[in-house]
Amino acid sequence: MHRKILVTHALPYANGSLHLGHVIEAVQTDVWVRFQRLRGHDCLFVCAEDSHGTPIMIRAQQQGQSAEQLIAAMAAEHQRDYHDLLVAHDHFHSTHSEENRRYTFELYARLRDAGYISRRAVRQAYDEQAQMFLPDRYVRGICPVCKSADQYGDSCEVCGATYTPADLIDAVSTLSGTAPVWRESEHLFFKLGAFEPMLRGWLAAGEQGSAVRAKLDEWFAAGLQDWDISRDAPYFGFEVPDAPGKYFYVWFDAPIGYIASFEALRAQRGLDFDSYWKSETQSELYHFIGKDISYFHNLFWPAVLHGAGYRRPTGVNVHGFLTVNGQKMSKSRGTFVTARRYLDHLPAEPLRYYFAAKLTSGIEDIDMNLDDFLARTNSDLVGKFVNIASRCAGFIERGGGRLDTQLPDPALYAEFVAAGERIAGLYEQREYGAAIREIMALADRANRYVDLHKPWALAKDPAQAPRVLAVATQGINLFRALMIYLTPVLPRMSGAAGRFLGKPITAWSDVATPLLGVPLGAYEPLATRLDPALVGRLIEAPPAPAAPAAAPLAAPVSRPATAPASNTIGIDDFSRIELRVARVIAAERVEGSDKLLRLSLDLGAEPRQVLSGIRASYAPEQLVGRLVIVVANLAPRKMRFGVSAGMVLCASGEGDGVFLLGADSGALPGMKVT
RNA sequence: GGCUAGGUAGCUCAGCUGGUUAGAGCGUGGCACUCAUAAUGCCGAGGUCGUGGGUUCGAGUCCCACCCUAGCCA
């Protein structure tokens with residue numbers, strides 16, 4: 001059965017560089033697309049730059065360039081990264097394009113004419129100095145629940161409470177630092193609730209896993225609310241045609257970018273639009289996304305499409321988040337690895353292989369443990385898989401450079417062929433990890449086959465030369481079968497292997513016909529082992545030291561003493577950090593932690609509790625009574641053992657040990673350090 | 001705070017509707033081999049299945065509470 005498939009992954013946002021989290025999604029998608037093509041299906045792969053919204057507008061202003069310049073530069077960077085990661089879109093477009101404007105207007109008009117758009121006034125924070133309405137994230141203030149300072153307008157990072165900016169105490173705009181006022185403004189709403197029965201039916205019939213469905217059930221249980229799809233000027237986006245001064249919310253036009261990108265490709269290739277976007281039976285449509293944006297793609301997007309008379313996605317494939325060495329990627333830990341940083345040090349294919357080896361169809365998070373990455377690449381990919389070709393190539397070369405005309409063990413080869421359908425099923429289901437396990441188990445069998453027949457021993461007797469050639473021919477064919485199965489993951493290696501084998505790998509079904517009686521090309525190593533030093537360098541602390549406010553609580557980042565001070569700041573920046581003298585009233589070990597001490601501090605007016613990671617260097621009893629310097633306005637942070645409200649300053653170098661900063665006698669608790 | 005997922009050997013993960021001595025790969029120890037990028041093969045050691053209760057003849061697998069990790073809260 002020949003399938004027509006259209007595939008997308010989430011649009012990268014034009015506000016920052018791609019990081020490993022983007023990469024795993026792009027790799028997951030690209031592998032699936034390459035797999036479908038290898039199986040002989042017609043599979044298109046489009047993407048676009050997500051170019052609209054307040055963050056882009058603000059960032060462009062800060063950088064002194066136009067939004068158009070910013071998004072063009074980011075799109076170019078993103079495309080370079082994808083290309084170097086061997087992620088091969090058929091087309092990469094932009095949501096800030098004529099195609100997207102046209103389709104955004106069209107879908108909006110159809111929704112409006114069908115009665116799915118309503119208007120009503122909304123009260124919102126307004127920055128009179130910046131002269132604009134403020135998204136929740138641009139308002140900060142004191143948490144109304146736990147009273148923690150400097151929290152976002154939508155939720156508190158300390159206590160986890162959610163609320164609206166109006167609930168914040170002493171709210172300020174992050175743009176101007178002034179207190180926002182509250183203004184009413186009319187907005188456009190999409191009547192999502194009208195689609196509840198349709199969405200329930202669509203989800204029930206789809207392939208979304210139980211975890212995704214369980215999460216979406218919450219939204220149904222709470223009742224689907226109208227969705228605000230407009231924003232006030234100034235906004236970087238498309239102005240709503242029948243509502244001057246209103247712009248489409250970035251999340252309204254972003255998924256329509258999938259259509260826009262397809263449209264641009266359609267114009268190039270003369271494709272049929274309607275069979276892809278109006279019919280649910282003539283083609284299949286899949287979106288690959290992260291679990292954070294599941295509800296946009298599983299609720300809003302199918303509802304918008306359906307309401308506008310378009311087809312709905314065949315499937316929305318949701319994946320989990322990437323952690324590095326077991327933790328969320330973090331700039332201060334150096335684990336926020338950009339795609340470019342990776343590519344500057346290491347080749348793309350080991351990363352593709354590693355991600356493929358860990359991906360499932362579920363939404364669990366995926367951990368990139370760098371030691372594991374190194375081990376898997378060197379032992380699986382090089383040690384067992386590539387090794388099969390490597391150890392057999394020499395025997396073929398010495399035996400005349402041409403494969404034998406038949407296989408000595410066709411039954412074993414047949415098993416490898418038979419496994420192909422199981423493996424294909426796993427790729428289709430996005431169970432890449434299981435597919436890779438199957439493939440590596442076969443690689444073990446191939447190595448065992450060679451070991452069992454010992455061609456190196458046979459080669460000592462010239463009369464056994466035909467037998468040596470036969471065994472090596474079997475080995476090369478087993479290798480080729482596995483290379484075919486790994487082609488979606490390792491396209492470049494597959495190309496090189498095709499040159500070595502004298503026959504390019506072009507289809508999954510190539511495996512049905514073993515390669516016999518043909519000359520082989522010269523063997524060149526298909527992959528080399530990774531250097532542990534290079535892998536380690538991925539997460540070295542960035543050369544520019546982090547600003548003090550961004551450093552982890554009471555855990556100074558160690559850096560070379562010779563690192564030059566860079567990124568100069570003005571006095572205003574420094575004055576944002578409120579340093580105060582404090583006296584240690586009490587200090588005790590934190591039960592269950594081998595690093596932390598719990599310090600009770602006197603800051604003059606108020607007592608404070610700070611958890612500090614200095615246990616290795618200081619005994620609690622030697623601290624009581626001492627004067628220390630504290631970052632007094634650091635946002636309180638919830639740690640495993642309690643809330644820490646501040647940071648005690650220490651010096652540290654490359655060696656072990658941290659050294660508390662103090663104040664000369666005469667200083668009193670509560671004094672400001674300037 | 002509510003919700004959704006995850007927490008199984010040093011590392012990364014399998015373990016279906018509860019049932020005999022909890023599995024794999026990597027790493028590690030020993031042996032073999034030397035064709036191969038110190039690659040490969042064979043043998044072994046390693047786990048009170050996040051914690052504490054409970055249901056059951058029997059729980060990694062069910063229930064409750066708690067802890068940790070990630071995400072979502074329009």
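A, B, ... follow the sequence lines: proteins, then strands. Residue 1 opens every chain.
Using a cut-off of 4.0 Å between Lys/Arg side-chain N and Asp/Glu carboxylate O, A:Asp367 and A:Lys358 are scored as not salt-bridged.
Within 4.0 Å (heavy atoms only), A:Gly394 reaches no atom of the nucleic acid at all. Among the atoms of the strands shown, only primed sugar atoms or phosphate atoms (P, OP1, OP2) are found under 4.0 Å from some heavy atom of A:Arg448.
Closest to the A:Val386 side chain, of the nucleotides B:G41, B:G2, B:U37, is B:U37. Closest to the side chain of A:Arg391, out of B:U12, B:A36, B:A70, is B:A36. Distance from the side chain of A:Asn387 is smallest to B:A36 among B:G71, B:A36, B:A74.
Atom-to-atom distance recorded for A:Leu305:CG and A:Phe195:CZ is 10.0 Å, nearest 0.5 angstrom.
Between the side chain of A:Glu25 and the backbone N or O of A:Ala10, at least one donor-acceptor pair lies under 3.5 Å.
With A:Phe133 as the aromatic partner, A:Arg183 does not meet the cation-pi criteria of under 6.0 angstrom to the ring centre and within 45 degrees of the ring axis.
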Could you list the protein-to-nucleotides 22-28 of chain B atom pairs, N/O on both sides, closer than 3.5 Å?
unit_1: B:G25; atom_1: O3'; unit_2: A:Lys384; atom_2: NZ; d: 3.3
unit_1: B:C26; atom_1: O3'; unit_2: A:Ser379; atom_2: OG; d: 3.3

What pairs of donor and acceptor atoms, side-chain ones from residues 451-460 of chain A against any protein atom, are under 3.5 angstrom apart with sequence neighbours left out?
unit_1: A:Asp451; atom_1: OD1; unit_2: A:Arg391; atom_2: NH2; d: 2.9
unit_1: A:His453; atom_1: ND1; unit_2: A:Tyr449; atom_2: O; d: 3.0
unit_1: A:Lys454; atom_1: NZ; unit_2: A:Asp451; atom_2: O; d: 2.9

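For A:Phe395 and A:Tyr163, each mapped to the nucleotide of RNA chain B holding its nearest heavy atom, the one lying further toward the 5' end belongs to A:Phe395.
The same atom, P, is picked in B:U61 and in B:U69; the two are 22 Å apart, to the nearest Å.
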